[in-house]
Amino acid sequence: MFKKLFHRTPKPNSRAYRREMAQKIAGHHIRYVTENRNGVDEVIGREGSTALRGDELLVHASADILFRCRVDEMDAWELLSKDGVVITAPDLAHNGSTRTIIVYYVYYR
């Protein structure tokens with residue numbers, strides 16, 4: 001109870017913020033994942049989940065690891081609708097190239 005009342009939001013580029021955001025992202029079920037390629041958002045995966053493994057965030061979809069990054073190196077922010085998250089980081093699953101993906105969550109009522 002006191003934690004919610006007196007919780008201070010860390011600065012957006014701090015390690016604490018990135019770890020807090022990773023905890024918030026982890027465990028969501030994914031409806032689909034998109035990536036902007038040549039100015040067009042393309043769906044790169046459907047039906048999966050997000051997970052934390054050690055100090056890495058993993059995005060699983062379409063029975064494959066679509067994205068894997070170190071939590072301390074990622075920039076992430078939620079969509080205004082809270083239906084998903086945008087993640088930018090060096091992708092360890094694809095030769096360390098910096099990628100930006102948008103993960104859309106499954107909405108349960």
Side-chain angles (χ1 to χ4, degrees):
M1 181 170 123
F2 288 111
K3 190 174 187 177
K4 285 188 177 183
L5 288 174
F6 300 108
H7 178 69
R8 292 179 50 191
T9 304
K11 293 181 182 179
N13 289 330
S14 68
R15 177 182 284 174
Y17 177 82
R18 290 176 175 160
R19 290 176 186 235
E20 186 176 299
M21 184 59 80
Q23 289 290 329
K24 202 176 212 182
I25 295 169
H28 280 280
H29 295 282
I30 295 173
R31 184 171 18 151
Y32 58 93
V33 180
T34 64
E35 182 176 19
N36 191 319
R37 294 181 182 164
N38 300 323
V40 178
D41 281 341
E42 294 182 16
V43 176
I44 59 172
R46 295 183 185 276
E47 298 180 3
S49 65
T50 56
L52 273 177
R53 183 186 305 157
D55 65 340
E56 293 181 349
L57 178 74
L58 295 114
V59 177
H60 299 271
S62 300
D64 195 16
I65 296 177
L66 292 182
F67 189 79
R68 191 178 105 213
C69 69
R70 289 187 185 90
V71 171
D72 293 340
E73 296 176 357
M74 77 173 191
D75 289 323
W77 56 94
E78 291 183 306
L79 300 176
L80 290 176
S81 63
K82 304 288 187 194
D83 282 349
V85 65
V86 179
I87 304 169
T88 300
D91 185 4
L92 302 175
H94 294 90
N95 301 324
S97 60
T98 300
R99 295 174 63 198
T100 299
I101 62 168
I102 304 171
V103 177
Y104 294 91
Y105 304 140
V106 172
Y107 179 71
Y108 292 108
R109 283 195 161 193

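All residue numbers refer to positions in the sequence shown, counting from 1.
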Can you tell me how far apart NE2 (H94) and CD1 (I65) are? Round to the nearest 0.5 Å. 9.5 Å
Same apolar cluster: V59 and V86, side chain cutoff 4.5 Å: no
Quick one: do I87 and Y32 end up in the same hydrophobic cluster if we chain Ile, Leu, Val, Met, Phe, Trp and Tyr together by side-chain heavy atoms under 4.5 Å apart? no
Heavy atoms only: give me the nearest P90-G96 pair and the separation to one decimal. CB-O, 3.6 Å
Would you indicate whether the side-chain heavy atoms of V85 and Y105 approach each other to under 4.5 Å? yes
To the nearest 0.5 Å, what is the distance between OG1 on T100 and CE on M74? 12.5 Å
Determine, step by step, whether R15 and D72 satisfy the salt bridge (charged side-chain N to carboxylate O under 4.0 Å, His left out) criterion, reporting the C-alpha distance in whole Å, the side-chain angles of both residues, the deciding distance to 0.1 Å, and the verdict. CA-CA 6 Å; R15 177 182 284 174; D72 293 340; 3.6 Å; yes
State yes or no: do I25 and Y17 share one hydrophobic cluster built from I, L, V, M, F, W and Y residues joined by side-chain heavy-atom distances below 4.5 Å, directly or via other members? yes
Does M21 share a hydrophobic cluster with L52, counting links as ILVMFWY side-chain heavy atoms below 4.5 Å and allowing steps through other members? yes
Point-to-point distance, once rounded to the nearest 0.5 Å, from NE2 of H29 to CD of E47: 11.5 Å
Give a yes or no on whether R70 atom CZ has more than 12 heavy-atom contacts from other residues, nucleotides or ligands under 6.0 Å away. no
Are there more than 12 heavy atoms of other residues, nucleotides or ligands under 6.0 Å from atom CG of N95? no
Ignoring hydrogens, what is the shortest heavy-atom contact between C69 and A89? Give both atom names and the distance. CB-CB, 3.6 Å
Do the side chains of L79 and W77 join up, straight or via other hydrophobic residues, at under 4.5 Å, putting them in one cluster? yes
Atom pair CD1/CG of I101 and D41 - distance to nearest 0.5 Å: 12.0 Å
Look up atom CD1 in I30 and atom OH in Y104, then write down how far apart they are to the nearest 0.5 Å. 12.5 Å
Under 4.5 Å between any side-chain heavy atoms of V103 and H28, yes or no? no
Could you give the distance from OG1 (T50) to CG (L66), rounded to the nearest 0.5 Å? 12.0 Å
Atom CD of E78: over 12 foreign heavy atoms under 6.0 Å: yes
